[in-house]
Structures are given as C-alpha cells and as structure tokens.
Undergrad: 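Let me give you the structure first, and then I'll get to my questions.
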Protein chains: 2
Amino acid sequence: MTEKRELDKRDWIAGLDKGIRIIEAFNDAHPRLTASTAARRTGITRTAARRYLRTLEHLGYVESDGQMFWLTPRVLRLGWSYFDSAKLPRAVQPYLQRIAVALGGATYYAVLDETDVVFVARDGSSQIQNVGFVLGARVSANLAAAGIAMLAYRPKEEVDAWLAGRKFVPYTQHTATTADAVRENIDNARVRGYALLEQQLAPSVRGIAVAIRKRDGTMVGSISVSLPMGTETSERAVARSLPYLREAEYALMSAF
Amino acid sequence: MTEKRELDKRDWIAGLDKGIRIIEAFNDAHPRLTASTAARRTGITRTAARRYLRTLEHLGYVESDGQMFWLTPRVLRLGWSYFDSAKLPRAVQPYLQRIAVALGGATYYAVLDETDVVFVARDGSSQIQNVGFVLGARVSANLAAAGIAMLAYRPKEEVDAWLAGRKFVPYTQHTATTADAVRENIDNARVRGYALLEQQLAPSVRGIAVAIRKRDGTMVGSISVSLPMGTETSERAVARSLPYLREAEYALMSAF
DNA sequence: TACACTTCGCGCGACTATCGCGCACCCGGA
DNA sequence: TCCGGGTGCGCGATAGTCGCGCGAAGTGTA
C-alpha cells in the first residue's frame, strides 16, 4: 500500500478507467454481457459501453455474437505481464516445490493487494482433497494463513483500520467472524513469527505461513503450506513444516 | 477465431488501446519501466505514456517510486475476470484432478488464442521434473499436444494459413521446425482423434491430448496430460492415458 | 569542475476524440 | 398486436486528450 501521490486531474485518462471497468464487469454471475447490461454495471452510458466493447473485441480481448459479449483468454495476457515482470514469483518456485514434496501439501507464494491476499505462485497438489487455489486467486486476507502472516507485519494502526467496519463472512463453522478474533490471530502470528490458521476457509484444512521480507525488513509476500488436518496435531504440523518455511524465508531474503 | 466485424472508426477508443499496450509493455525483460521507456516500447509519446501510467497507478494496477513504474498483482484481477466468467475451466477441474491422480502427470485444460495455446486450468504436479505451465501460460500451438489436438479440428485452409510464413523455433533437438513436419503432426492427430507429441518443448516429456467439443461439434478447448517419457513406450502411454481423456471428453460434451 | 546528454514534471493552447441524445429498427413474450 | 427490451448510427457540442517546449535535475565523461 504505497502512498498515493496526489493525482493531477490532467493526468487522468478517463477512457482507460472505463475500459478496465468494462473488463471487470464480467464475472461469475455475469459471464456474458450485452452492451446495455455492461453499461448498467459500470455506470457508463450504453453508447459508450458499446464503443469500449467493440474496441476490446477488435483488440481480441472479447468476442461477440453481435448481441452478447464475452471475454477471451487473451485477457490472461494482461495478468501474464505481471507474472513475467515480477521476479519474486519466479525466484520462489523451487522453494515451493521442495516444500510441497517434503510436506505433502500445496504450497503458495502470496502477496497482499489492499484487503485481499493474492496467490501468485503455487506448487504441489493436495492428493487428499481439493483444497487449492489457482494462480491469481484472491480471498480476504483474514481467511488465509498467508494473509494473517502478512498482516502481522503491517503497522498496528493499519491493521486496526483494516479490521474496522469490515464484515467477516463465515466460510466454515470455525471462521473467525469478529474483529477481535481476527486480531487475535494476527497478534498470535506476530508473537510467534508464523501464522497458523485452521478451518477458516475450508473444513479440515490447516494453513501455516511465514512472511517474506527483504533485507531492509519490508515485507513483500508470504510462503504458506496448506495441509489436511487429519489426525495430526497442530503442534506436530507446525514442528515439521516450520523448518522448511523458515529456510525458504531466509534464502529468499538474500534473493533480493 | 471469430470473424472480425469491420470496425467503424468512430467505435474505436484510442485511449483503451494505448492503456492496454502500456500494461503489456511490461514483461520479463522489462519488469520496471520509466515513462520514457514505456513510451518507446509502445510507440506512444512520453507525455502520454506518463499520463497512462499515472492513471494506472491511481487505479492500483501499477506502483511507482516516482521514477520507475511496475505492475502490481492487481492486474491479475483482469485475468481473473476471465476465469470467473468462463465456465468451462471450472467444470473441467474435477476431471483434470482425476486424470492427474490416475496417470501421475500434470493435466491441463487449454484453449486456442490466435496462434497460441493458452493453459487455463491445471491439476497435478509432476514429481519427476519441473515440467509444467502455470495458468495463463501460452506457447505456440505447434509445440504442445493440446495445440495440435485443437488445430486438428480447424478447417484445413485455416491450418495451412496458420502454417504459412511461420517460424518454428526449436526448443529441443526434436522440435519439428518445418511446416510439413508440423502438418504431419496435425494430420496424425486428425486421423487418430488424439494428439501425441514428444520432446517438442522440453526433453523427455510426452504430451497426449484430445480436443473438447460441444454437442454441435464446435471445438472449445482440449484436455491434455504431460508425462515424463522414462522407459515407457509411447503406445503404452497412450493406451493407459486415452481412456481417461476420452471419458473426460464425452462427459464435458454434455457439460455444455 | 564543467560540459553534454538524458530524463523528468508541468503548463499551455489547439484539436479531435469522445460523449450521449435521439431516432429507427428488430426481436421475443404476453 | 402491443410492449419492453435490445441494437446501430448520425450528429453537434464539449472537454478530454494531445504533444510541444520549457526549466530543473540527474549521470557519465573530459
């Protein structure tokens, strides 16, 4: 969350903002849009929305049957620009792989984007059950060990602001749904130097995460492992996982 | 490759095109850009490029230290819009998982984007070696079994046009580097109903793929499995893989 | 130290790209 | 047959976007 420099009005390209809003108007509930519905969802006039959609169509980012518009896989190129340009996700891959093999779980490298944790690298499949995010997936930071580990390295005031006036949607019976409960998770992570979260997002899944910092101490992301809980105690899971996570943490510190 | 409707000049939003070009100007070789270099890479004037970068910064898609600009993980949201809105990648996930477990390789669901094959869903990690694409990855269609399987379902003329005037960059000693060799791969796939490719992109890796079609016959994507070659014969690999791929093929046909 | 070169931020006046209204039209459902 | 939703498109107005050109700041070299 870098400080936003004040934006001069004359440095604002309205067309770019609108175009991006059009792209993001497509989602699960609205996989295909007409010009009119796209306009309604974005607050743009229908005529303008149509122009943007047709521009995107010409660029190959959307397709259309003349009536409906839908996104093409080409939009993935945009995300790909990030993967290509962000060196950490690449540097981290061998460590993820090693940890995944050693621990038998899915491992992730994740970063914070505002209030969400975004998983930008992954290795290992969870044989037992289908816990697992795909790359680029994002969830509210309080729901994943990766998020808690990173929040523990943000200033207290920021975390408080983050917690204030936030709804915590329960995903399982055990999801922490109060600000205090989430704060406790964060405080625990700060004290211990790692985050341990159980059954917040999915039942019988345990996450363990450590924050990754640069040499100067600034936090850049986190490495986490997702394990089926089974009969293993949390102490045991932490004991066997932490050495690998710590090793990656220190190694990546000098990778910068 | 839908027919492009002729685009009326007045339906063209230059600002959106420029903004997207700015985002795509970031890549492996240019992870961080100044306004000037971004301008050079996109053919936009420096002043304009700076305005677009600052707009993107304000939107949260890039960050800046005042001099350099770099992408943030937020751009992944754009790709995510596609994953959210494309129902097939989601419907396909359980099949991929099942195949991955049964065959012990990495499985992919991929689609065509112009001349590239784009991997949009994945399951399974290859324990043996690090063969594997991440989501959104793209390679020239002739290099992956998934691509060959899909090209086999495109009209011959289109494939010829596709092959004409194309450079085939060798990735291994065995990469097919002539149009005829690639055409033979495609023809084989068309005759057999599945694609088998060996060591085109990486040594000692074998790919087997089938195209996925809707009930009306239109090809929408492909499912493939990537296996280490080891000592297994190609016949044996096909024999044990194909039943799983076929099953997914037929199941997904009705998923539409 | 001074010079040459490159970059940046920014103000400005000019222009054209973009805007949204309004119309005619088409289609499917009641 | 009517109604409500959608589309394509012409048009005139406006303000959003453009790029020049300035001064300042940084970097490498003589």
Side-chain angles (χ1 to χ4, degrees), chain A residues 2-27 29-72 85, chain B residues 2-26 29-71 85:
Chain A
T2 51
E3 292 309 314
K4 275 193 191 80
R5 291 182 291 165
E6 209 38 60
L7 187 82
D8 203 324
K9 282 232 174 167
R10 63 198 63 183
D11 279 346
W12 178 254
I13 307 290
L16 178 52
D17 174 38
K18 288 194 196 129
I20 288 176
R21 262 153 60 205
I22 290 278
I23 294 177
E24 295 196 339
F26 292 89
N27 66 15
H30 304 272
R32 291 155 56 90
L33 296 175
T34 64
S36 302
T37 51
R40 247 178 281 116
R41 286 177 55 73
T42 52
I44 304 173
T45 59
R46 177 185 69 89
T47 317
R50 178 176 172 274
R51 277 194 283 263
Y52 282 87
L53 283 166
R54 298 220 58 199
T55 302
L56 288 169
E57 180 186 6
H58 194 72
L59 290 171
Y61 291 93
V62 312
E63 284 178 350
S64 159
D65 59 6
Q67 183 92 332
M68 305 294 276
F69 293 85
W70 58 92
L71 293 177
T72 72
S85 66
Chain B
T2 52
E3 291 311 315
K4 275 195 192 78
R5 291 182 289 165
E6 208 37 61
L7 188 82
D8 201 324
K9 280 231 176 169
R10 63 198 63 183
D11 279 346
W12 178 255
I13 307 288
L16 178 52
D17 175 38
K18 286 191 197 135
I20 288 176
R21 261 154 60 204
I22 290 278
I23 294 178
E24 294 196 340
F26 292 89
H30 304 272
R32 291 154 56 90
L33 297 175
T34 64
S36 302
T37 49
R40 247 178 283 115
R41 286 176 55 72
T42 52
I44 305 174
T45 60
R46 179 184 68 89
T47 318
R50 179 175 171 276
R51 278 195 282 265
Y52 282 87
L53 283 166
R54 298 221 58 199
T55 301
L56 287 170
E57 181 186 7
H58 194 71
L59 290 171
Y61 290 93
V62 312
E63 283 178 351
S64 160
D65 60 6
Q67 185 91 332
M68 305 294 278
F69 295 83
W70 58 92
L71 293 177
S85 66

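What's counted below: heavy atoms across the whole structure, side chains too, no hydrogens, waters or symmetry copies. Being a predicted model, the structure only gives us computed values, none of them experimental. Numbers restart at 1 for each chain; the letters A, B, ... are given by sequence-line order, proteins then strands.
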Undergrad: Find which nucleotide of DNA chain D each of A:Arg40 and A:Gly15 is nearest to by heavy atoms, and output the residue with the more 5' nucleotide.
TA: A:Arg40
Undergrad: Check whether any side-chain heavy atom of A:Arg54 sits under 4.5 Å from a side-chain heavy atom of A:His58, and report yes or no.
TA: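 A:Arg54 does not reach A:His58 side chain to side chain.
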Undergrad: State whether the side chain of B:Thr55 and the backbone N or O of A:Asp11 hold a donor-acceptor pair below 3.5 Å, judged by distance alone.
TA: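 Yes, the answer is positive, given that a donor and an acceptor are paired below the 3.5 Å cut-off.
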Undergrad: Which whole-number value in Å describes the distance from A:Leu16 CG to D:dC18 C1'?
TA: 16 Å
Undergrad: Would you kindly give the CG-to-P distance between A:Leu53 and D:dG8, to the nearest whole Å?
TA: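 Result: 10 Å.
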Undergrad: Within the structure provided, determine whether A:Ile22 and A:Leu33 are in side-chain contact (heavy-atom separation under 4.5 Å).
TA: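 Not in contact.
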Undergrad: Restricting to side chain to side chain donor-acceptor pair (under 3.5 Å), what partner residues turn up for B:Tyr52, sequence neighbours left out?
TA: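 Once residues adjacent in sequence are excluded, B:Tyr52 has no partner under the side chain to side chain donor-acceptor pair (under 3.5 Å) criterion.
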Undergrad: Quick one: list whatever passes salt bridge (charged side-chain N to carboxylate O under 4.0 Å, His left out) with A:Arg32, sequence neighbours left out.
TA: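 Salt bridge (charged side-chain N to carboxylate O under 4.0 Å, His left out) check on A:Arg32 returns A:Asp65.
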Undergrad: Can you name the residues that form a side chain to side chain donor-acceptor pair (under 3.5 Å) with A:Thr42, not counting sequence neighbours?
TA: none
Undergrad: What is the distance, to the nearest angstrom, from the CD1 atom on A:Ile22 to the P atom on C:dT18?
TA: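 My rounded result for the distance is 14 Å.
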Undergrad: Tell me: OH of A:Tyr52 to P of C:dA17, nearest whole Å?
TA: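 Value for this atom pair: 14 Å.
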Undergrad: Without decimals, in angstroms, what is the distance between B:Gln67 CD and D:dT27 P?
TA: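 In whole Å, D:dT27 P lies 8 Å from B:Gln67 CD.
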Undergrad: Under 4.0 Å, heavy atom to any atom of DNA chain D: which of residues 31-39 of chain A qualify?
TA: A:Thr34, A:Ala35, A:Ser36
Undergrad: How many whole angstroms separate atom CZ of B:Arg50 from atom P of D:dC20?
TA: 16 Å
Undergrad: Quick test: give all pairs of protein nitrogen or oxygen and nucleotides 20-30 of chain C nitrogen or oxygen below 3.5 Å, distance rounded to 0.1 Å.
TA:
unit_1, atom_1, unit_2, atom_2, d
C:dG20, OP2, A:Thr45, OG1, 2.6
C:dG20, N7, A:Arg51, NH2, 3.1

Undergrad: Expressed as a whole number of angstroms, how long is the span from A:Trp12:CH2 to C:dC10:P?
TA: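 The distance from CH2 of A:Trp12 to P of C:dC10 comes to 17 Å, rounded to the nearest Å.
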Undergrad: How would you list, by chain and number, every residue that makes a side chain to side chain donor-acceptor pair (under 3.5 Å) with A:Arg41, sequence neighbours excluded?
TA: A:His30
Undergrad: Identify, with sequence neighbours excluded, every residue that meets salt bridge (charged side-chain N to carboxylate O under 4.0 Å, His left out) alongside B:Arg46.
TA: none
Undergrad: Expressed in angstrom and rounded to an integer, what is the separation of A:Asp17 atom CG from C:dT18 atom P?
TA: 15 Å
Undergrad: Identify, with sequence neighbours excluded, every residue that meets side chain to side chain donor-acceptor pair (under 3.5 Å) alongside B:Thr37.
TA: B:Thr34
